[in-house]
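Everything on this sheet refers to the single structure shown next.
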Amino acid sequence: MDISVVILAAGKGSRMNSELPKVLHQIANNSLLFHVLRVVRQLKLTDITVVASQELSDNHEFKVLQHDLAFKVCLQKERLGTAHALSAALEVAPNKPVLVLNGDTPLLKAKTLQAMIDKFVSSKASIVNLAFKTARPYGYGRLVTDGDKVEKIVEERDASADEKQIKICNAGAYLIASEHITKLLSKIDNNNLAKEYYLTDIIKHASNEGLQAVFTLGSGHEAMGINDKVQLAAAENSMQKRLRSRALKRGVTLIDPNSVFLTHGIKFGKDVVIEPFVVIRRDVEIGNNVRIKSFTHLEGAKIGNTCDIGPFSRIRPKTVINDESKIGNFIEIKSSTLGQGVKASHLSYIGDAVIGNNCNIGAGTIFCNYDGFRKNHTFIGKNTFVGSNTALVAPLHIGEGAIIGAGSVITEDVDTDDLAIARTRQVNYPKRAVELRKTKEGE
Ligand code: UD1
Ligand code: MG
């Protein structure tokens, strides 16, 4: 079915107590708006307009999202309410049904929106509203219903004591037939306690016009709207449960699922084991037979087969770790490619480097990639051994099979199969310690 989607995202989100536009707050490492767009795209709906405030449309993260997910943006210059926001997006009367979604409902599922579309087709109603039942309806609009028909939606602050007892709440999603939408929107006024143009009033006006408005029910959690940090934390919790359960069903072992934090789009191979207290952020791909040990943080990384990562590793964006590599405790890696069978087992920083197959990076090796002005690169050929506590001062080229002595500060290139040592030579003074001790004791 050909449908236009309008996502209302211009609200300030004052209840968040934050300078960041509300829909850019994140759960599972992506903005609330991203999650709504993700679900819409699962339904293969591509005609999408986001109603944005000036602050939102100026935001870098928003621009990246628009670039990646290709949607139209409509500015709502003044925030006069949800009906006003929709009117801004529909300056030209639509010629297909409009699915209106709130930008702060990240837990919605595609199958629930599909059920709305199915109901729209089967009931031939002019409006299908998504609702949910909850024991604690605090803050949500309440549906006054008759069977599966909705007569009106009453916002909590305008509701009577009886209406506040209603447990069927508005999830803020509506599918509206194109024929009546402009007329119905024009009837909405701001005659309420908030002095806002409420989109919810479209139901009352549809009923008054003898048009049919019906509702479908989604589950409580998924229909949740995020207005404050308490709801944001609850939504994170729900989304993580979903992501963990999906990973488990795909065969990933999560030893303690509740302590692992995941992101949409992670690619897992077969026989991946994730130990407790691991965070996996955006753009991560993990091969087969990989163990991610405790307290590891991964982002923008591709990890090959049969690798061991952690405990306490931090793998940052633009990192590729090839098969059979071992990255141990307190290792940070960014913008680097590690060949097959590389070992960096303890306490190192690897940045802007290409490391050949089977290299050993000794404990405490630091790739000094930044000279205060720019990032410089280090290339290390295969089978090279870097001794412990080495500083590799980039730009640097180290040939294959080289050996770097421990404690070196390497500032010049090293040729294939050379041994490089860059530290002062040790001097031993025979029995001088005894003399020193005597002098000290005589003082
Ligand atoms: C809204 C519904 C309420 C429903 C709840 C579900 C109205 C009047 N109320 O309340 O019935 O139970 O969602 O979560 O619609 N926005 C704009 N421009 C504006 C105002 C809001 O774009 O001028 C956007 C917001 O960014 C947000 C969405 O519309 O994404 C909903 O606004 P919000 O203030 O969160 O409404 P609720 O009070 O949650
Ligand atoms: Mg809301």
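For the single chain, residues carry numbers from 1 onward in sequence order. Order of listing sets the numbers, starting from 1, for every ligand and every atom in it.
Annotation: E78 places no N or O atom under 3.5 Å from an N or O atom of ligand 1; distance criterion only. Polar contact check, A171 against ligand 1: no nitrogen or oxygen pair lies under 3.5 Å apart. Below 3.5 Å of separation, one finds an N or O of G103 facing an N or O of ligand 1.
S336 places a side-chain N or O within 3.5 Å of a backbone atom of A353 that can act as its donor or acceptor partner. With hydrogens and angles ignored, the 3.5 Å screen pairs no side-chain donor or acceptor of E222 with any backbone N or O of L108. Within the 3.5 Å criterion, the main-chain N or O of S160 finds a donor-acceptor partner in the side chain of E163. Listed for the K22 side chain is a donor-acceptor partner under 3.5 Å among the backbone atoms of I226. In this structure, the side chain of Q231 engages the main chain of N227 through a donor-acceptor pair within 3.5 Å.
By the criterion of a heavy-atom distance under 4.0 Å, the side chain of N227, and not its backbone, is placed next to ligand 1. Contacts between A10 and ligand 1, counted as non-hydrogen atom pairs separated by less than 4.0 Å, involve both the backbone and the side chain. Contacts with ligand 1 closer than 4.0 Å are made by side-chain heavy atoms of K22 only, the backbone lying farther away.
In this structure, A9 has a heavy atom closer than 4.0 Å to ligand 1. At least one heavy atom of Q76 sits closer than 4.0 Å to an atom of ligand 1.
For H397 and H377, the distance between ring centers is not under 6.0 angstrom.
Looking from atom 25 (C) of ligand 1 to the surrounding protein, the closest heavy atom is G11 N, 3.5 Å. Closest to atom 20 (C) of ligand 1, if we only count protein heavy atoms, is G81 C, 3.9 Å. Among protein heavy atoms, atom 13 (O) of ligand 1 sits closest to N102 ND2, 3.0 Å. Taking atom 4 (C) of ligand 1 as the reference point, the nearest protein heavy-atom neighbour is N170 O, 3.2 Å. Nearest non-hydrogen protein atom to atom 30 (O) of ligand 1 is L8 O, 2.7 Å. With hydrogens left out, the protein atom closest to atom 21 (C) of ligand 1 is T82 CG2, 3.8 Å, a heavy atom.
Counting only residues at least two apart or in different chains, ring-ring contact (aromatic ring centres under 6.0 Å, His included) contacts with residues 321-363 comprise F312-F330.
Heavy-atom proximity to atom 36 (O) of ligand 1, evaluated over R15, E196, K12, is greatest for R15. Between atom 2 (C) of ligand 1 and the options R79, Q231, E155, the minimum heavy-atom separation is to E155.
Less than 4.0 angstrom separates some heavy atom of Y198 from each of these atoms of ligand 1: 8 (C). Of all atoms in ligand 1, listed by their number and element, those nearer than 4.0 Å to a heavy atom of G141 are 3 (C), 4 (C), 11 (O), 12 (O). For ligand 1 and G225, the ligand atoms under 4.0 Å from any heavy atom of the residue are 14 (O). For ligand 1, the atoms lying closer than 4.0 Å to a non-hydrogen atom of A85 are 17 (C), 18 (N), 22 (O).
Classified by interplanar angle (parallel below 30°, tilted 30° to 60°, perpendicular above 60°), the ring pair F277/F295 is parallel.
When distances to the Mg ion (ligand 2) are checked against a cut-off of 2.8 Å, N227 contributes an N, O or S atom below that limit.
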**Asked** So D201 and Y197, side-chain hydrogen bond (donor to acceptor under 3.5 Å, both in side chains) or not? Walk me through it.
**Response** CA-CA 8 Å; D201 282 350; Y197 294 87; over 6 Å; no
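Under the side-chain hydrogen bond (donor to acceptor under 3.5 Å, both in side chains) criterion, K343 pairs with no residue, sequence neighbours left out.
In summary, of the residues considered (I255, N258, V260), a side chain to side chain contact (heavy atoms under 4.5 Å, CB included) with P276 occurs for I255 alone. The side chain to side chain donor-acceptor pair (under 3.5 Å) with H84 is formed by just one residue from the set K77, E196, Q76; it is Q76. With N30 as reference, R282 is the one residue of H264, R282, E61 to meet the side chain to side chain donor-acceptor pair (under 3.5 Å) rule.
Closest N/O/S atom of D104 to the Mg ion (ligand 2): OD2.
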